[in-house]
Structures are given as C-alpha cells and as structure tokens.
Amino acid sequence: MVLGFALSLLGCVLLSLSMKRHYGQVTKDGRLSKRVSIVLRVLAYLCLFACGVVCIQRCGVGIGLVWWWGLLTLTALLQTLLLAYWPQWLRALKEIVY
Amino acid sequence: MRFYSERFFNPVSSRIAAAVVGGFLLANLFSILLSYVVYSLSPVAKVDGVNVGILGSFLIYAVIIIWVFAARSVHQVWLGLLIAASLSAVGITLLMPENLL
Amino acid sequence: MNGTFRQSMNWLHTWSGLLVGSLLYFMFITGSLGYFDTEIDRWMQPEVVLAEGAETSSMVLLAEQYVAQQLVDVESWRVALPVGREPLLTVSWRDTQGVSGETILNPHTGLPVAVRKTGGGQLLYMMHWQLHYLPNQVARWLTSIAAMFMLIALITGIVVHKKIFKDFFTFRPNKKQRSWLDVHNIFSVLPLPFHLMITYSGLLFLAGSTMMPAIITGSYGTDWQSYFDERSTRFAIVEPAGKSAAPLPLVTVINDVEQRWGIENVGRVIVRNSGDINTRVSFSRFLSDDLKARETLTYDGISGELLHDSTAKQPSLPTQTSTVLLALHEGLFASWPLRWLYFLSGILGAGMIATGLILWAVKRRAKAERLGKAHRGLVFVEGLNAGTIIGLPIAIAVYFWANRLLAINVADREEKEVAALFIAWAITLIYPMFRPVKRAWRELLWLAAAAYGLLPIVNAFTTEHHLANSLAQGDWVMAGFDLTALAFGAIALRAAFYLRAKESRGQLKSIEKSSIEALVTAPTEVTAQ
C-alpha cells in the first residue's frame, strides 16, 4: 500500500501543479503554458489511475475501491497543506526533477 | 385576519411544509410505486422489489425537496405535488398485489 | 425560490446545515470513534485476559461447560469469541423467565474474569444513532431526520460550489472568512465519496423503522415477518416445541463446522431453545476481507444435522447492493490502516460541519459589526458552536477519565461514566454564555489539551497498562490509545496558542460581549437577517 500512497501523492502533486493558481504558488516566476499544464494533468491522472489499479489488485474490487478513495482523500489533504504552508518543499522537489 | 399573519403563513413556510409533509408523502408513494413496477414488470422477487424501493426512496425524497425549493412559485409547488401524488396513487392502485387489503 | 436556482440552493444549504449541525457533529464524532470501538473497549477494560494461544473449539467447549454448570433454565445463550479485533470471550444468555445476563470468561480456563463494568467504546458508537437518555424510537427518528438534512446539505453544497475543481487544493490561511470557507470546502469535497456513502447508507440503516416503513407495508401489509424471512440469508427463527430433549454435545457439531469452514474465523455461536427438541445451533463468521454479510451455518441441536447454509444461495442484486452499502458504512472489514483512513474521513466530516457552523457565525458577526449590533440568534449560535465543537471532545475525554477514576466495583458504573460525559458537556455548553466568545474558545481549548494530554498519566496512575509498559510489550491497542490522546491534546494546545497569538495582535473586536450580557442588553431588532 506504500506504493499506492506514493502514486496517489504524486498524482495529487502533479494535478495541483497543472492548475495556474498553484503553479504560481510553487514557482515564483513561471507562467504556466497550456502545453505544460496538459502534460502535467495527463501524468497526474495516470498516477491516480495507477493507484486505483494497485489497490484493486491487492484487495479485490470492493475493498480496493475503498482504499483508493481513502488514499486520494489523504494525499489530497496532504498536498493542500503542503501548498499552503510549505511550498518551499515542492520547490525543492521541482529543482531535483529538473 | 390577524391570526393569518405573514409571520407564519408565507412563501417560505409554505415551501417548508410542502417539502417536509408533502414531499415525504410523495416520496413514499413514488417508492411504493417503484417497488411495484420492479417486481410486477420483471422477474424480480417481491422482497427485492421492496428493497429497490427502499434503496431509491431517499434519493427520490432529496430530489423532491430540492425541486420544492427551486420551483418558481409556491402555487407550482403545491400543484405539482398534488398532480404527482394523484398519478402515483393511480399507478399504485393499478399495480397493487391482490392479497394486500 | 428567492432568486436564482443557486441562491435557493444556498439558502437551503445554510438552513439544513444550521438547524441540525450540532446533532450531526455529535453523530460524526461518535461514529468516527465507533470505527475503533473494540479498541476503546479494550482500553476501558484493561483487566481483560487476552486470548492469545487459545483455540476456538476449546473456547466454545469451555463456554458450553460454563452454561451447563453455572446456569439454570436457560432458554438461549450465545458465545462471542475473541476473533479478529474482538478481545473478549463473552457468554450471554436469557433464561425462561426472560432475565438476561452476560459474563466475560477467561479464554484459557473458562472461569469468569472480574472486569470492570463499562459501556466502553461500544456505548459511544451506539450513541451515534441511539443517542442517550431518549426512548430508542425517538432517537432513531431524530438521527434519521438529521441524516436527511445532511443529504440535502451535501447535494445543495455540491450545486452551490462553483469552482469545485479549481478550488480543490486551495487553502488560503489567515484570511478570516475566506480561510474558513476554504477549510469548509476542503473538508467537504476531498472526502466527498465518503460523505455521500456514509449519509445514504446511514439513512438506509434506519429506513425500515423510521422513515420508509410504508414501502414494506405497501407490499407485505402487516406481514413483516415474511419480509424479514425472505430478505434474510439467515435461517428463520423457530419457536420451542415444549418437548425437552437431550442436547447433542457441541463437539460433534464443531467437527462439521471445521470441515466446511475451518474453525478459526467463527466469531459467534448461538444456541436457541436450549434443552428443547427444537434446539438450533448457529455458527456465524465474518470474513474480514470482503464486503459480504455475515455467514451462518445452522444445525439441529439434537441430531447434529445441518439445516441451513447461508452461503449456499447467491443473494439477489438488490440484496447485495444493500449489503455492500451497509458494509461500507460499518467498515467492519477494514484492516487497521484502512480503519485509520475511515476515522480520518469521519473526523474530516465532523470538521466539515464544524467549519460550516463557524463560517455562518463569522459571516454574521462581520455583518453585525458593520451594523453595530448583534442579533440574539447569532450570539446563541456562537456560544453553541464553542460548546459543541470543543465541548463534546472534552466530554468524551471526561468519559475516559471517569472510566479510570471510578472505583471498579461501584454500583451502576456504566451509567455513572455516561453521566460524567453528559454533565461535562452540559458545563461546556453553558460556559461560553458567561465569557466573551473568543476567550471561551481559547479556554475550552486549554481544557481539551489538559483533558486529553493528561489522560495517559491518569492511565499510568490507575492501571499497569500505561504507555511505557504497552510500548515495551508491543501492545499497540493500549499504546495507540494513549498516543492518540496525547496527539489530540497537542493539537488542542497548538490551537490555543494560535488563538492567543492572534488576540495579542489586537484582533479581538470591541463589540465582543458575553452571551449573558447580550441577552440582557441587546436591543430588539428586525428578526429577518
């Protein structure tokens, strides 16, 4: 389930960054081009979907779906807090990536 | 006519009454009709028809309540409830299982 | 209604939330705690002897022995086995006079264990729909109506929230009203599937007994027994025949169960019409990795013949739908990490209600300051908010304190513990009426920090299962409870400090009055807002 958590968190990070408002929060300078936004969003949905697949594979459909929604809720909450209070960590992450 | 003051009998309280009382009755009627439709017109067992009725009842009631408050006038609300209730009552008497009463 | 569709829905959302908000908050808090009811039970009954190493079949036989040797004229009895999260081996019975009783047995010796009487976590969880001090039916109606209001509030909330995707991750702290709205949105939208599921399934639980019995009557008339028999996958209950017969020793039947299922998952054994020719013995188990209903095997208690296997028939689709929805609500299938996610979602739900109430009060307060006077309803709601949102958690902590501080053998122990809870809550509800509201919030938060933070210390002074011991023994139920209490205390403390810092930055408004002053001095004004 750690993999599921990681995928879900990554998905949420990417999804939020694909939005103009939050991209601006993390990168002080950047303007979000439409192309980057779409790429980020597609990657994000892939991650979130993959998380669902992992959950269902491990626990069957019923309980897997419950895990999936639970993880989505938790990681969305974490990402919201990160954006509001510690955007510098996200900035650091961005530096590491490129 | 001081008793019928605006404080108690006004459009808002009328809608509240319509939603709580009228809507509740209508939701029950719709759900009973739904359960009849499910097991009369398909090979589903009676108990399952009833369960479908119960499963849908709260959604039906919620939709009715929202419509009561979204409808344009109070007249529309009461008229609509009356018409819908009458139609459901007709449907229910038509489809009611024979050994009930 | 009054204006556009969205405006009507806004009005409906506000009032459906405001009228039953406190009751819904109570239901969400007690319900969330209910996901850990057996763990709380264990913390509240630390004398319990754990069943590690004891075999299910031997425990059933010990229970059978206890009933045969210690009880007379028993009509029906049941054994609850320590399987899964359940820590206790309990025997409960009813005799031919209708008197019922219950004993907790040592799972290794079969002898009764002296465990302090307490409502435990089970009682907190049951208050979630039964409330307390009210007739059962009244409470069920109240909670059903509250749940219906909740459903309306959820649907209208979704309709009203314009930027549900854009605002998904948005939280702007330190912006007064805007921040409260952001938090309310986050607590509502992020766990939205949970909120919708929990509300709808909650309504379904009580549907038959409260809001929708007409649907059953519409097809079954007065013959509800047929409805239950047809719906249930359990074997129909038979009356005793009045002829006595020698019961078969359970060992024989246990062997058959072992062959079909394996005995480890059996959670409950029920013997009905004991000593009669119509004795029925049921074994039920609960598979914790599936969203299915409890499965039962029912045997004739005299001949040992298998009469009914609930797993033989595949339930119909509507039945499966109900079962899945109810299983999702109860979350009994959940392993402990998933259980924490359930708990988190429930607490977020409570937070959704709390922030909604606070948001309403903050908005009205801002308007009142512009006009220079505060409506009495606003002052009442502000006091009620503080007393409920922080007061209820304090009251629950007092319940735990009472469990540790009351003497083990005192009479009516369960009722006294619960009374402590409600007396504490009454005090925290009245207290904000005598203080300026912002100060009342802060003081209640200090109290909450103390109530939860000091709880592990009270535990340490009154039992041997304190934090150091439970960590050393790897007893994660006990340790988890103490650690969670510390965490809640820390959160309350942080909040109290935060409010103090805000006040010292001069944000306490001059129009602030205590509720009592307001009630006495507020001028009468137009009632509409």
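Residue numbers begin at 1 in each chain, while the letters A, B, ... track the order of the sequences.
Scanning both residues, L154(C) and H195(C), for their nearest heavy atoms gives CD1-O, 3.7 Å.
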Discussion item. What verdict does the ring-ring contact (aromatic ring centres under 6.0 Å, His included) test give for F69(B) and W11(C), after you've listed the backbone C-alpha separation in whole Å, the side-chain angles of each residue and the deciding distance to 0.1 Å?
Written reply: CA-CA 9 Å; F69(B) 285 98; W11(C) 182 92; 5.5 Å; yes

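Proximity to chain B is limited to the side chain of L325(C), based on heavy atoms less than 4.5 angstrom apart. Using a 4.5 Å cut-off between heavy atoms, S57(B) contacts chain C through both its backbone and its side chain. Only the side chain of I152(C) comes within less than 4.5 Å of a heavy atom of chain B; its backbone N, CA, C and O stay farther away. Interface remark: Y61(B) contributes backbone and side-chain atoms alike to the contact with chain C (heavy atom separation under 4.5 Å). Neither the backbone nor the side chain of L33(B) comes within contact range of chain C; no heavy atom of the residue lies under 4.5 Å from a heavy atom of that chain.
Side-chain atoms of Y200(C) never come within 3.5 Å of backbone atoms of L151(C) as a donor-acceptor pair (strictly under, hydrogens ignored).
Residue D48(B) holds its CG atom at 11.5 Å from OH of Y39(B), rounded to the nearest 0.5 Å.
In this structure, I215(C) and N28(B) have side chains that are in contact, with non-hydrogen atoms separated by less than 4.5 Å.
Interface remark: of the candidates V74(B), I66(B), V52(B), I66(B) forms the most heavy-atom pairs closer than 4.5 Å to chain C.
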